[in-house]
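This report refers to the structure that appears directly beneath it.
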Amino acid sequence: MSRTKIAELLRTEPTGTEVLVKGWVKAFRNNQFIALNDGSCAANIQVVVDHENTDPALLDRIKFGAAIGARGALIESQGKGQKVEIKASEIIIYGDCNPEEYPLQPKKQTLEYLREIAHLRFRTNTFGAVFRVRHALAYAIHKFFNDRGFYYLHTPVITASDAEGAGEMFRVTTLDLDKLPRTEGGEIDFDQDFFRRPTNLTVSGQLEAELGAMALGEVYTFGPTFRAENSNTTRHLAEFWMIEPEVAFNDLNDNMDLAEDMLRYVIGYALEHCADDLKILEERLIEEEKSKPQDQRSEMALTDKLRFVIDNRFERLTYTEAIDILKNSNPNKKGKFQFPVEGWGTDLQSEHERYLVEKHFKKPVILTNYPAAIKAFYMRQDEPKEGVPGPTVSAMDILFPGIGEIVGGSQREERLERLVQRMHDMHIPEAELYWYLDTRRFGSCPHAGFGLGFERLVLFVTGMTNIRDVIAFPRYPGNAEF
RNA sequence: GCCUCAUUAGCUCAGUCGGUUAGAGCGGCGGACUGUUAAUCCGUAGGUCCAAGGUUCAAGUCCUUGAUGAGGCGCCA
């Protein structure tokens with residue numbers, strides 16, 4: 001007899017059919033009722049012990065966390081609280097779980113403690129829900145792009161390019177660090193390294209994605225990304241997953257439309273397919289916020305917030321307009337900002353972004369046309385515009401409440417001369433990026449793309465507050481456990 | 001990297017002004033329980049007070065350094 005998953009059983013009519021379930025014990029009540037979970041859904045199924053044909057010694061082994069199987073009739077539940085239950089004719093123990101040593105307990109545990117036992121935290125209701133939602137979001141992203149004719153492009157994880165300027169990189173080498181080979185000049189002799197040149201883990205697949213878009217038209221990447229920055233925040237990881245679409249012939253507006261459509265689609269997908277899990281996460285968040293003062297609590301329940309994002313267009317405004325709003329804002333006039341907004345040209349601090357998103361507009365915001373000086377070399381240079389004090393680029397950042405920047409993107413500079421000039425000004429070695437510049441030499445065209453931090457999306461949708469709790473085994477400074 | 005706060009039982013936390021034998025809830029263990037829903041009831045064990053050094057007649061409590069964790073900031077997705 002093959003096993004049936006609990007998610008399916010809970011949808012089945014209780015006709016007394018013989019079924020087999022396998023899972024982990026969540027509770028054993030009244031020496032009679034086993035709450036069993038197999039990960040297929042948030043809910044448990046109730047297995048009712050039949051004492052007539054069950055060895056009492058076996059009952060002693062039904063402990064919180066034990067892996068067991070149960071065979072029996074799927075019947076209408078005689079108790080309240082569930083529609084169906086299994087009247088067990090046979091119980092099998094697959095793996096005992098000694099409660100004296102098991103780090104998990106059938107009680108509330110803090111997220112900080114569970115982070116220390118990340119290999120076991122999947123078994124909690126919260127993390128079960130988080131990882132089911134994470135999966136649904138990943139699937140929805142692939143579905144969204146596939147349905148629109150995008151190709152999933154696998155860009156390299158190991159890269160020799162050190163010129164992208166997207167952050168500190170992890171070195172990849174097979175050299176013996178105790179005995180580094182040296183050239184006659186005393187430099188490290190990378191000729192003897194695996195790739196015969198210095199290599200790193202990728203900080204972005206964008207440049208490679210652009211190459212693909214210049215022939216395939218619409219591509220996206222979805223892969224691991226590495227930043228060796230010493231970032232200690234609830235929004236940063238050293239290893240995270242990033243989605244980077246790149247579309248030929250798209251301009252900045254198309255780019256914003258694409259990003260907004262995508263976010264709206266995947267959030268809607270989660271709402272539709274993860275209702276039970278989102279309910280658990282919503283209640284978890286309410287519980288967590290009970291210990292906070294009223295003014296720091298979320299204004300909306302989790303699922304209401306998600307629905308709100310789907311139902312309302314994101315606010316679009318330029319950096320220049322944002323500066324005006326910030327300059328005239330109450331917190332700025334009253335000196336409440338740690339970094340006062342003085343003038344045009346400096347980057348926005350996260351307190352400024354939070355003000356725009358959480359206080360002023362109270363919805364997701366897309367900021368565009370940032371000063372060129374604070375943005376990357378590959379972003380398309382705007383024509384001078386009246387009322388705008390300095391040169392800008394066709395950049396866009398999407399800011400989400402509680403998360404900050406969730407998407408960063410731009411229309412790309414497709415004009416060879418302007419791109420080369422910019423690289424020169426920013427001391428980016430052109431020779432090293434000859435392959436990138438070739439796209440501008442041969443059949444160049446306007447195009448645009450963006451990067452979406454996958455974990456930041458999962459953070460937003462699950463209502464979790466620390467990014468280390470939405471990835472299975474987080475990597476951050478000083479931690480590569482598991 | 002910077003700033004702030006924390007570290008006491010398996011977990012979450014109390015611990016007053018520096019003063020005798022460091023407490024609670026949950027969890028565990030033993031027992032009861034055949035309609036329970038984070039089951040319930042009775043009983044019970046469990047401590048290197050993060051580490052090292054210092055002040056003091058006396059340190060869980062004060063000081064210094066370090067480790068670890070959390071939050072904020074910076075870097076960014």
Side-chain angles (χ1 to χ4, degrees), chain A residues 26-35 43-52 54 59-60 63-65 77-82 85 87 97-117 124-125 164-168 203-206 224-244 259 283 287 291-292 296 337-339 347-354 374-376 397-400 403-409 450-460 465-469 471 476-479 481:
Chain A
K26 301 288 274 195
F28 186 28
R29 290 185 287 266
N30 209 6
N31 206 22
Q32 192 186 9
F33 303 100
I34 304 165
N44 305 322
I45 196 159
Q46 175 155 288
V47 175
V48 186
V49 171
D50 181 359
H51 284 74
E52 307 247 310
T54 310
L59 291 185
D60 286 342
K63 301 288 190 188
F64 177 69
S77 179
Q78 295 171 40
K80 289 171 184 168
Q82 59 280 316
E85 65 190 20
K87 189 171 167 17
C97 189
N98 181 356
E100 283 186 300
E101 295 174 6
Y102 190 41
L104 285 176
Q105 296 173 2
K107 57 170 289 193
K108 274 220 161 54
Q109 312 255 230
T110 59
L111 296 173
E112 291 80 13
Y113 174 66
L114 293 172
R115 220 169 281 151
E116 292 171 16
I117 50 167
T124 64
N125 293 338
E164 296 165 32
E168 291 297 310
V203 292
S204 164
Q206 180 204 313
T225 310
F226 307 87
R227 303 270 167 93
E229 247 108 45
N230 190 10
S231 296
N232 295 288
T233 78
T234 53
R235 310 181 302 284
H236 291 84
L237 290 166
E239 177 183 289
F240 63 102
W241 289 68
M242 187 154 65
I243 296 107
E244 293 175 291
E283 281 158 16
E287 204 56 39
S291 60
K292 289 184 175 177
Q296 285 175 33
F337 283 140
Q338 193 192 336
F339 300 92
D347 212 351
L348 298 179
Q349 303 289 323
S350 50
E351 61 178 342
H352 306 142
E353 296 180 346
R354 273 209 312 276
I374 57 172
K375 287 291 181 183
D397 283 1
I398 302 187
L399 311 176
F400 263 35
I403 310 289
E405 186 181 344
I406 195 168
V407 162
F450 61 85
L452 166 73
F454 184 56
E455 281 76 16
R456 290 190 180 173
L457 174 66
V458 181
L459 260 190
F460 182 76
T465 43
N466 191 317
I467 203 164
R468 297 169 187 180
D469 294 331
I471 187 167
Y476 49 92
N479 195 297
E481 191 71 36

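All values derive from a computational prediction rather than experimental measurement. Every chain is numbered from 1, with letters handed out A, B, ... down the list of sequences.
Look at the C1' atom in both B/C13 and B/G54: the space between them is 29 Å, to the nearest Å. The gap from the C1' atom of B/A70 to that of B/G30 amounts to 39 Å, rounded to the nearest Å. The separation of B/C17 from B/C11, taken at their C1' atoms, amounts to 31 Å, rounded to a whole angstrom. With C1' as the reference atom, B/G28 and B/G46 are 9 Å apart, rounded to whole Å. Between the P atoms of B/U7 and B/C63, the separation comes to 13 Å (whole Å). B/G10 and B/G43 are spaced 23 Å apart, taking the P atom of each and rounding to whole Å. Here the separation of B/C41 from B/A59, taken at their C1' atoms, is 42 Å to the nearest Å. The gap from the P atom of B/U36 to that of B/U61 amounts to 50 Å, rounded to the nearest Å.
Between the CG atom of A/D347 and the P atom of B/A77 there is a distance of 11 Å, rounded to whole Å. Separating the CZ atom of A/R235 from the C1' atom of B/C76 is a distance of 9 Å, rounded to the nearest angstrom. Rounded to whole angstrom, the span from the CD atom of A/E112 across to the P atom of B/C5 amounts to 18 Å. Atom C1' of nucleotide B/A70 and atom OH of A/Y113 are separated by 17 Å, given to the nearest angstrom. A/D397 places its CG atom 7 Å from the P atom of B/A77, with the value rounded to the nearest Å. Atoms CZ (A/F226) and C1' (B/C76) sit 16 Å apart, rounded to a whole Å. One interatomic measurement links the two molecules: NE2 of A/H51 to C1' of B/G35, which rounds to 12 Å at whole-angstrom precision. Here B/C11 presents its P atom at 16 Å from CG of A/L111, a figure rounded to the nearest Å.
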Quick one: which protein N/O atoms are closer than 3.5 Å to N/O atoms of nucleotides 42-46 of chain B? Pair and distance per line, please.
none

Report all interatomic pairs (protein N or O, nucleotide N or O of nucleotides 24-30 of chain B) with separations under 3.5 Å.
{"residue": "B/G25", "atom": "N2", "partner": "A/K107", "partner atom": "NZ", "Å": "3.4"}
{"residue": "B/C26", "atom": "O2", "partner": "A/K107", "partner atom": "NZ", "Å": "3.1"}

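The side chain of A/R115 contributes an N or O atom lying less than 4.0 Å from OP1 or OP2 of B/A70. In terms of phosphate contacts, A/T233 brings no side-chain nitrogen or oxygen within less than 4.0 Å of OP1 or OP2 of B/C73. Taking 4.0 angstrom as the limit, A/S350 places none of its side-chain polar atoms (N or O) nearer than this to OP1 or OP2 of B/G72. Here A/Q338 does not reach the OP1 or OP2 of B/C73: none of its side-chain N or O atoms lies under 4.0 Å away. Residue A/N230 places at least one side-chain N or O under 4.0 Å from the OP1 or OP2 atom of B/G1. Phosphate contact (OP1/OP2 of B/G71, side-chain N/O of A/N232, threshold under 4.0 Å): absent. OP1 or OP2 of B/G72 lies within a sub-4.0 Å distance of a side-chain N or O belonging to A/T234.
Inter-residue side-chain proximity for A/Q82 and A/N44 is flagged as unmet; no heavy-atom pair is nearer than 4.5 Å. Proximity of A/F454 to A/I471: side-chain heavy atoms (C-beta onward) are nowhere separated by under 4.5 Å. For the pair A/N466/A/R115, a side-chain contact is recorded, criterion being any heavy-atom separation below 4.5 Å from C-beta on. Using a 4.5 Å cut-off on side-chain heavy atoms (C-beta onward), A/W241 and A/T225 make no contact.
Using the Watson-Crick or G-U wobble rule with both distances under 3.5 Å, B/U68 pairs with B/A6. With a 3.5 Å ceiling on both atom-pair distances, B/C49 lacks any Watson-Crick or G-U wobble partner. Remark: B/A38 base-pairs with no nucleotide; criterion is Watson-Crick or G-U wobble with both hydrogen-bond distances under 3.5 Å. Pair assignment for B/U12: B/A24, on the basis of Watson-Crick or G-U wobble contacts that are both within less than 3.5 Å. Base pairing analysis places B/C29 opposite B/G43; the two distances defining the Watson-Crick or G-U wobble pair are each below 3.5 Å. Nucleotide B/C62 has B/G54 as its partner under the Watson-Crick or G-U criteria, with both atom distances under 3.5 Å.
By the 6.0 Å and 45° rule, A/R456 does not stack over the aromatic ring of A/F400.
Among the candidates A/N232, A/T234, A/T233, the single residue satisfying the side-chain hydrogen bond (donor to acceptor under 3.5 Å, both in side chains) test with A/H236 is A/T233.
Distance CE/A/M242 to CD/A/E455: 10.5 Å, rounded to 0.5 Å.
What you find for A/G451 and A/E244 is that their closest heavy atoms are CA-CG, 3.9 Å. Across all their heavy atoms, A/K63 and A/C97 have their closest contact at CB-O, 3.5 Å. Across every non-hydrogen atom of A/P477 and A/E229, the tightest pair is CG-O, 4.1 Å.
Base contact: A/Q82 has a heavy atom under 4.0 Å from a base atom. As judged by a 4.0 angstrom heavy-atom cut-off over every strand, A/L237 is placed among the base-contacting residues. Residue contacts for A/F240: at a heavy-atom cut-off of 4.0 Å it reaches a base atom on one of the strands shown. A/A27 comes within contact range of the sugar-phosphate backbone alone, with a heavy-atom separation under 4.0 Å but no base atom that close.
Between the side chain of A/R29 and the base of B/C33 there is no donor-acceptor pair of N/O atoms closer than 3.5 Å. Side-chain atoms of A/S231 and base atoms of B/C76 include no donor and acceptor less than 3.5 Å apart. The base of B/G35 lies close enough to the side chain of A/Q78 for a donor and an acceptor atom to sit less than 3.5 Å apart. For A/Q109 against B/G10, no side-chain N or O and base N or O form a donor-acceptor pair under 3.5 Å.
Checked against the 6.0 Å centroid threshold, A/H352 and A/F337 count as a close aromatic pair.
Comparing A/V407 and A/E52 by the nucleotide of RNA chain B whose heavy atom lies nearest to each, the residue mapping closer to the 5' end is A/E52.
In the set B/C73, B/C76, B/G69, B/C73 carries the atom at the smallest distance from any side-chain atom of A/Q349.
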Name each donor-acceptor pair under 3.5 Å that joins a side chain in residues 100-114 of chain A to protein atoms two or more places apart or in another chain, with its distance.
{"residue": "A/Y102", "atom": "OH", "partner": "A/R123", "partner atom": "NH1", "Å": "3.2"}
{"residue": "A/Q109", "atom": "OE1", "partner": "A/Q105", "partner atom": "N", "Å": "3.0"}
{"residue": "A/T110", "atom": "OG1", "partner": "A/Y113", "partner atom": "N", "Å": "3.2"}
{"residue": "A/Y113", "atom": "OH", "partner": "A/P103", "partner atom": "O", "Å": "3.0"}

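A donor-acceptor distance shorter than 3.5 angstrom exists from the side chain of A/D50 to the backbone of A/E52, with no hydrogens or angles considered.
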